[in-house]
Structure formats: C-alpha cells, structure tokens
Amino acid sequence: MSVSYRNGTLPKGPLKVDRPLSMNLSTKSSSGSFKSKNSGHAPASATRRKSTGSVVNSAVNAKDDNSVSGRVRVAVRLRPRNAEEMESDADFADCVELQPELKRLKLRRNNWDSDTYEFDEVLTEFSSQKRVYEVVAKPVVESVLDGYNGTVMAYGQTGTGKTYTLGRLGEEDTADRGIMVRAMEDILAEITPEKDSISVSYFQLYMESIQDLLNPMNDNISIVEDPKTGDVSLPGATTVDIRDQKSFLELLRVGEAHRFAANTKLNTESSRSHAMLMVHVERSVKGRDSAISSENGSASHTAKAFKPPVVRKSKLVVVDLAGSERIDKSGSEAHTLEEAKSINLSLSALGKCINALAENSAHVPVRDSKLTRLLRDSFGGTARTSLVITIGPSPRHRGETASTIMFGQRAMKVENMLKIKEEFDYKSLSRRLEMQLEKQIAEHERQQKGFKDDIERITREAQIRITEAEKGYAEALERERSRYQNDYMDAISKLEEQWAANKQKQENEKAKSSMLSASLEVAELKKLFENETISRKVAEEEIDNLKNQLAQWKRSEAAGNSEILKLRKMLEDEKCQKAKLEEEIAVLRNQLMQLSFEADETRRNLDRGETVKLPGTLDSPIPPFMHQHLGDSGNGEKASMAKLFEQVGLQKILSLLESEDADVQIHAVKVVANLAAEEANQERIVKAGGLKSLLTLLRSSNDETIHRVAAGAIANLAMNETNQELIMSQGGISLLSITAAKAEDPQTLRMVAGAIANLCGNEKLQPKLRGEGGVKALLGMVRCRHPDVLAQVARGIANFAKCESRAYTQGSKTGKSLLIEDGTLPWIVQNANNEASPIRRHIELALCHLAQHEINAKDMIKVGALWELVRISRDCSRDDIRTLAYRTLTSSPSFQAELKRLRIDYG
C-alpha cells in the first residue's frame, strides 16, 4: 500500500465536462434504479438551489439543464433485542411492526393505535449484511463506477447498529462484512488497475474539529470550498492509494483504532464522532474523444489529430454518524456530556438543512455546522444518496425511534441533480505526444544517418578520383625526372673530360715547383724544433711547483693528526659527563619512585580513614574537588609535593614525561597529576609546558595507565577557565574523544568523562566542543554502564544544558539545543529515573534546563520527556529541581497543550 499526500482539490488545468446521466440507467437493475419525484417539483428545486446558501452553484445549474433528478433513497433497519431489553422489556411488545413486503413500518402509539410510514426499503432484524448492502449501497456504488458522486449514510439512536451496518470488517465471519468492505470489493472488481485508480481518505468530525484517522497528528483539517462550483474538499487530509482489499482492510483497522468512543448506559462502545470514508475513483472512458471534440465546436487540425482521452472522476462518501442520545438516558457527564452536546448540535443542524430542502425553502443553513458543509453535495447536491436509518424495538425509546423515522421521512423528500464529472486526461495525451516525438526524433536520426552515409560515399569517390589524378601526375613527373637525369649524366661526362685535361696540366706545373716546396719544408722543421724546446722548459717549471705543493700537504697532515687527538680527548670527557648524568638520573628515578610510593601510601591511608569515596583507583590522580575533604591527613602528601619541588624541580619532572622507560613515564605523570590537583601549582605546570606534555602523552602513548592518569591530570587543570581555553586550542577535546573511543577500563573512561564534563561548563567553548565531537564522546562512553562513568557523563550533559539555558536567556542562542541535535535526548529520558542518585540528580537538572525553552518542547514531547518532567515536579527529592520542573511545565504553551490533549489536569 502506497501513501501519497495530495491537494485534495480538482486541478485548474483540465477542462471539466458535466454530462447528464442517461435515462436508460434506470433499467440497469431493479436494485440500481433511481426513484424520482414528479416534474412538478423541479422548478421549486431549481429555485432553491439558485438562492443564497444553496448547496449547488447557480452558474453550474444554468448550464446543466439536462441533469437528472435523483431522490434520496431511505431504508429503515430494525435491530433485534439485546440481552438487557429481553430482560427489562419481556412483558412489553415491540414499539414497531414491520411490513417488508409492503415496504411499510407501523409505530405503535399504544396497544390499539399506531402510525404507518412508507420507505424505499424495510429491513427486518433478520436481514443479512449482504441484503442490506444490495438494497442500500450497491446502486450507489454502481453509479460511482459510472462517474457519479455517491453517498451512503447511517442515522439513528446510539446503540442501534449504525457502525455495525457500515464499518463491520467481518474478520471472524465474512458474512458480517459491512457496507464499507463490500463496496470496496465491488469497486476493485470493476476497475482496471493499469488505467484506473482508487484513493481513500478516512477522517472524523469530533467536537466540530476534523481529525485525520490515518494520521492522528493531523487533528485540525480545514474545509476548502471552490468559489466557482461550490465543491467541498479537504486538502489537509491524508490520501492513500488502494490496490487491493487487504490494504484497504488494514486502513480501516488503523482508522477505527483512532476513533473516539465511550461507555454509556445505552452502548458500551458509543461512537463520539462522525466518521467519514471518502473514496475517490478515476476511470478512463473509451470512445469519448469524438464526443467531446464535437461539443467544443470547430477545432484545429492539430487538435483533431491529438484528442486527449477522457477521465471520469467520482467520489463515494460513507458516513457513520454518531448516535443521537438523550442525556438522562445515556447518563453522559463531564467530558462525555460535552461530546453529546456537540453530537446533538451537529445532528440538529443536519436536520434543519434536510427540513429546508424538503420544504423547498429559499435558504438552506449549510454553514451552521461542519457536518452540513461536508454533506452539502449529498443532500440537494449532485450526488446519489442512500440513507439507512437504524431503530431499536424497545418501547422505552419510542420517542427516539419516532424522531429517527421522521428524519428519514423528511430525507425522502430531498431531490438531488445527478451529474457525471469528466475531464480531459492531458497526462495520457502528453505521453502520446512524447511517443510521437520520440518516433519523429528516431526518423530524423535515421535521415541524418543516411545523409552521413551519402556524404561518406561521395567523399570516397572523390578520394578515388584524387588518387588517380595524383598517380597520373606522378608518372608524368617520373618521365620528366628521367629526361633531366639523362641530361645531367651527359653534362657530368663532359665535365670529367675537362677535369682530366686540367689535371694533366696541373701535374706538369707541380713538377716545376717541387724544388721550391722542399726548401719551404726545411724552414718549417726548424720552427717546430724551437717550439718543442720552449715546451720542455715549461714542463720542468710545473714539476718544481708540484714538489712544493706536496711538501705543504705533508705539513697540513701533521696538523690534522694533532686536531684528531684533541677531539678524542674531548669525546672521553663527554663520556665521563654522560656517566655522571646517568647516575644523577638513577638517583632522581629512585627519589621519584619513593615520592610516588609515599603518595600512593597516603592515599591508601586516606581511603581507610575517610568515609568519603575518592574517585579513581589507587594510582589515579586526586581531583581538586576532593582535596577540601582531606583535612590534616593530606598534609603529608602536600609536604611530599613541596619536597619534590625543592629536591628535583618541576622542569626535571616534566622532562621525565618524555623518558623511553614506561615505568618512569607512569611515575612522572602520577606526580604531575597530584601536583595539578593543587590550584597553586596549576599555573606553574601550564607555563612550564606540562599541559602540552600531557596532551602529547595522550596522543603518542598506548599504555592504559598513562591514559588514565594523564586524563585525570587534564581534568584537574580543566577546573580553571583559562586552562580550559588552552586545552581546547591545543586540540585537547579531540584527543580526549579518541582516548574515550579506545579505552575499555571504567576508571580511564571516568577520568576522560570528568575532563570533558569540566569543559562543558564553559559557555564560550560549547560550539567548538560540540564540533570536535565532545558531546558524541560523552554519549559514546555510556556503553561502559559503570555508575561512576555514567555520573560524569550526566554531569557533563547537565553543565552543557545549563550553559545553553544561560545563552538562551541572554539572547545569544536561538536555535534548537545542540544536545538534542547530537541525539542525547533519548538517553537522558531513559536515565532520568536512574537508581543512582548522582546520575538521577544531574539528568533531572539537564531535563529542566532543556525544557525551559519552547524550541526544544516538540522534540521532548516525542521521546516522552514530558512524563519525566511531570514525575520530577512531583517526586524529586530536591526542592530547587522540583520547583524548576513545575515552573517549566506551567509556563510552556507546548507542554500545556499536550497535557490538555492527554486530559491531564496540571496547573
């Protein structure tokens, strides 16, 4: 089953076509035929509908002269005697006598006189549910499937079987199925799921307020009227698409579970509201294209080519009215009395409208009640309406039975004008046009492809022609080249001959000049000898220079050897100094271990001597908020810390935090943590770089003990506001969050939670703390379930909520609480009544601070925090928290409205 929220009103775009019901529909079946009044009532009816306050718009009536009159059909059903009536009325006859074969009913005045009434159908106490459906509702359902609006309504005294007739699901016995179930079975059997659609709305009119039975949170739905047609719609109601009977039955179960009912003297489950089931049916109509086009007159060629299909939209309304009752008989009081008054007023307004319609009055008071506004189309409108009135046999209720019968008699005089509502289905036309467009695009692409193929073919032919032309040109060029080459070779031969002749001539001349060249060679050899002599002298000078450089290098080597001896001596001195430093470190380590042992021993003595339980294990740092309880017993540890400052010095202790020895690191961080517990030492530790060293340990160390003690030291430093800003600026909250995610030891988690809780108390740091995962880290540590850890988590949340409350008051914050956005609210509500008093106290305080601001109220109501606030305001042991909770509940409009809705008297 798919749920879709819709506007509920008819779209403005489609063209509506109203067609009168064909007169041959009256011969469709005996049960489906319409009974109409004579034509003499038509003018008066038309006059009535054109007047002020009329149900049907006058402009529409002016166009619908061919609409068919359809009188409201009324059937009466008698309920059998119940157990109480069999016992109390055993000596009295029934106040009614049925004559179903004559369709008459006799109402006894006394033992010898009675009044006779005629109805369209008279159903005895033995009539089956199937028989009731066939004579009352089936003709209406068939009209709805044909495109007309239809209404089936039950009216009668409370306890006479209206809900049984209409809304029985038949889960135990299918023969008991009511009109709603059977009508949907017939509709689903007739429609085509691929072309048609069914949607359902289910709501109730309770105390003049329209409430959605499928979505109880939607409890004030407005009625919208179309100013042109006068149609009534409920845009805010939930609309559910129906595909099968199973989903519809589930919808009815959900709706019935949300109806208001009460136990009265007349009925143990008396309906206190008017329930309405609204079924919208859309069916496509075959063979209607040409008819609509002909009605519109001349149309363009394009419009004729693409005629939109026609869709018939009809609506079936099944109304289960609340029973009319007399206060003295029903015994209603308090709230049920107010409900009874509202029910009787709306039924009285409906009766006035039917009286006015039956008497052809010029004014119909449809606006006196939301019930009459919703039913304006059912009585005097365009819908086919069937009314079943239910009565009881008891003579004690003869007055109520007579009133019900007279209501039915007057309803039989009301005449409706039935019309078919059809619209062009432009969506189907759009789909058709899209398909046509796709075909045109495909054809265009095909033509484009053919065009490209032609271009490629022409290109290939042109390429072939170009290749042939190039081949011809190449052959011509080759011929020319061969010709020129032959000419070239001839020219070369001639030149070679000339060169040989010239060469012979040169040889002759060379022989003559050989003597001259010999003398020139001798002169040249002499010149080369002189140059060689000069080069030898230069080489000898270079050898002397190299000898001098070698002697200088030997002197430098001797000086380097002496420098090496000096460096070796310095290295030996450094080794001696290192040995002395190692001895000093060993002494400091022994002193540090002794001081750590003394501090641990002092803590053990305090644990045995004091009744206050110190947080943490024996090796965890003592938080500053516990030192004020140590008294004289803590003087020994303070003396040890002072002695440590005197003998060792803070800088040396902090340097031991970087030691490679894990034991040294553990003892050093313990000493720093105990020093940080004293407020006087905190500033010195931070200035000396202690905070940075502690954060480095959290980042680099994998030792659980170091994590625990370092987190405790950071928690002590976080008691100071200046230190809180330093911790945040150096990424402390991220490191604490990572440590919390990795840790499994409860004491480590307690120390981390305590540090984050202290940071939560700083209003300026809250956005950054939340942005770096501080709140989520707190919430993640509840996995430990250790009470000490949970107490620190609760304290952090309370600090955070208190700072947020202060920010709201000062006007620096307007949005929803960051705690709620990070998902802490369910855990807060779950632990608001924790057995451990520290956890419970912090959680109660956090709830009160969150509830002080209206923007958080809706989320708190959703998770059940309202009930915890009520409990705190009544049962909390602390007066200040109890007073704060009470003041919050009484000052919040949202909480007051929810308490009022739940009928809890709290003021």
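We number each residue from 1, following the sequence as shown. If you're wondering where the values come from, they're calculated on a predicted model, not measured in any experiment.
Taking each heavy atom of Ala358 and Lys413 in turn, the nearest pair found is CB-CB, 3.7 Å. Closest approach of Ala137 to Ile179, counting heavy atoms only: CB-CG2, 3.5 Å. Closest heavy-atom contact between Ala383 and Thr151: CB-OG1, 4.1 Å. Across every non-hydrogen atom of Val140 and Gly150, the tightest pair is CG1-CA, 3.5 Å. Residues Ala411 and Val72 come closest through the heavy atom pair O-CB, 3.4 Å. Closest non-hydrogen pair, Pro365 versus Ala356, comes out as CD-CB, 4.2 Å.
Between the side chain of Asp173 and the backbone N or O of Asp176 there is no donor-acceptor pair closer than 3.5 Å. Remark: side-chain polar atoms of Asp231 are not paired, donor with acceptor, to backbone N or O of Glu225 under 3.5 angstrom. Panel note: side chain Arg79, backbone Gly159; a donor-acceptor pair is recorded below 3.5 Å. Of the possible polar contacts, none joining the His274 side chain to the Leu321 backbone as a donor-acceptor pair under 3.5 Å is found. Checking side-chain atoms of Ser199 against main-chain N and O of Val281 turns up no donor-acceptor pair under 3.5 Å. A donor-acceptor pair is defined here as one N or O able to donate and one able to accept, closer than 3.5 Å; such a pair exists between the side chain of Ser386 and the backbone of Val136. The closest donor-acceptor contact from the side chain of Thr192 to the backbone of Lys195 lies at 3.5 Å or more, if one exists at all. Looking at Arg177, its side chain does come within 3.5 Å of a backbone N or O of Thr174 through a donor-acceptor pair. Put simply, the side chain of His280 never gets that close to the backbone of Lys315: no donor and acceptor are under 3.5 Å apart. With hydrogens and angles disregarded, a donor-acceptor distance shorter than 3.5 Å links the side chain of Asp212 to the backbone of Thr238.
No hydrogens or angles considered: nothing links the side chains of Tyr133 and Glu185 as a donor-acceptor pair under 3.5 Å. At a cut-off of 3.5 Å, with distance as the only test, no side-chain donor of Asp146 or Ser143 sits close to an acceptor on the other residue.
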Practice problem: Could you give me the CA-CA distance, side-chain angles and deciding distance for Lys103 and Glu118, then say whether salt bridge (charged side-chain N to carboxylate O under 4.0 Å, His left out) is met? | Solution: CA-CA 6 Å; Lys103 297 183 180 180; Glu118 290 186 0; over 6 Å; no
Exercise. Please step through side-chain contact (heavy atoms from CB on, under 4.5 Å) for the pair Arg259 and Ser273, ending with a clear verdict.
Key: CA-CA 7 Å; Arg259 281 198 68 183; Ser273 65; 3.8 Å; yes
Quiz item: When you look at Asp377 and Thr382, which way does the side-chain hydrogen bond (donor to acceptor under 3.5 Å, both in side chains) test go after all the steps?
Solution: CA-CA 6 Å; Asp377 193 48; Thr382 62; 2.7 Å; yes
Practice problem: Report the C-alpha separation of Arg73 and Thr385 in whole Å, then their side-chain angles, then the decisive distance to 0.1 Å, and conclude whether the side-chain hydrogen bond (donor to acceptor under 3.5 Å, both in side chains) test is met. | Solution: CA-CA 6 Å; Arg73 292 175 54 83; Thr385 302; over 6 Å; no
Quiz item: Does the pair Glu898 and Lys862 meet the rule for a salt bridge (charged side-chain N to carboxylate O under 4.0 Å, His left out), with working shown?
Solution: CA-CA 11 Å; Glu898 182 66 12; Lys862 286 182 179 179; over 6 Å; no
Practice problem: Please lay out, stage by stage, how Glu338 and Ser342 fare under the test side-chain contact (heavy atoms from CB on, under 4.5 Å). | Solution: CA-CA 6 Å; Glu338 296 300 321; Ser342 177; over 6 Å; no
Practice problem: Carefully, step by step, assess Arg104 and Val76 under the rule side-chain contact (heavy atoms from CB on, under 4.5 Å). | Solution: CA-CA 10 Å; Arg104 291 179 181 175; Val76 60; over 6 Å; no
Quiz item: Is there a side-chain hydrogen bond (donor to acceptor under 3.5 Å, both in side chains) between Glu208 and Ser346 once you walk through the steps?
Solution: CA-CA 8 Å; Glu208 283 301 303; Ser346 60; 5.0 Å; no
Quiz item: When you look at Thr124 and Leu78, which way does the side-chain contact (heavy atoms from CB on, under 4.5 Å) test go after all the steps?
Solution: CA-CA 5 Å; Thr124 67; Leu78 176 64; 5.8 Å; no
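Using a 4.5 Å heavy-atom threshold, the side chains of Arg376 and Thr372 count as separate. With a 4.5 Å cut-off on side-chain heavy atoms, Met180 and Met184 do not count as touching. Inter-residue side-chain proximity for Leu234 and Leu374 is flagged as met; some heavy-atom pair is nearer than 4.5 Å. At least one side-chain heavy atom of Val414 sits under 4.5 Å from a side-chain heavy atom of Asn416. In this structure the side chain of Met412 reaches within 4.5 angstrom of the side chain of Asp120, judged on heavy atoms. Counting heavy atoms from C-beta outward, Leu169 and Arg253 have side chains that approach closer than 4.5 Å. Residues Glu339 and Tyr206 are in side-chain contact: their nearest non-hydrogen atoms beyond the backbone lie under 4.5 Å apart. Using a 4.5 Å heavy-atom cutoff, the side chains of Ile187 and Phe248 are not in contact.
To the nearest 0.5 Å, atoms CG (Leu166) and CZ (Arg182) are separated by 12.5 Å. Annotation: the span from Leu214 atom CG to Tyr202 atom OH amounts to 9.0 Å, rounded to 0.5 Å. To the nearest 0.5 angstrom, Glu400 atom CD is 4.5 Å from Gln157 atom CD. A distance of 9.0 Å separates CZ of Phe407 from CD1 of Ile389, quoted to the nearest 0.5 Å. Separating the NZ atom in Lys419 from the CG atom in Asn149 is a distance of 9.5 Å, to the nearest 0.5 Å. Taking CG from Asp320 and OG1 from Thr163, the interatomic distance works out to 3.5 Å, rounded to the nearest 0.5 Å.
Each of Thr404, Thr390, Thr401 was compared with Thr160 under the side-chain hydrogen bond (donor to acceptor under 3.5 Å, both in side chains) criterion, and only Thr390 meets it.
Between Glu121 and Arg131, at least one side-chain N (NZ, or NE/NH1/NH2) sits under 4.0 Å from a carboxylate O, which counts as a salt bridge.
Glu101 CD: more than 12 foreign heavy atoms inside a 6.0 Å radius.
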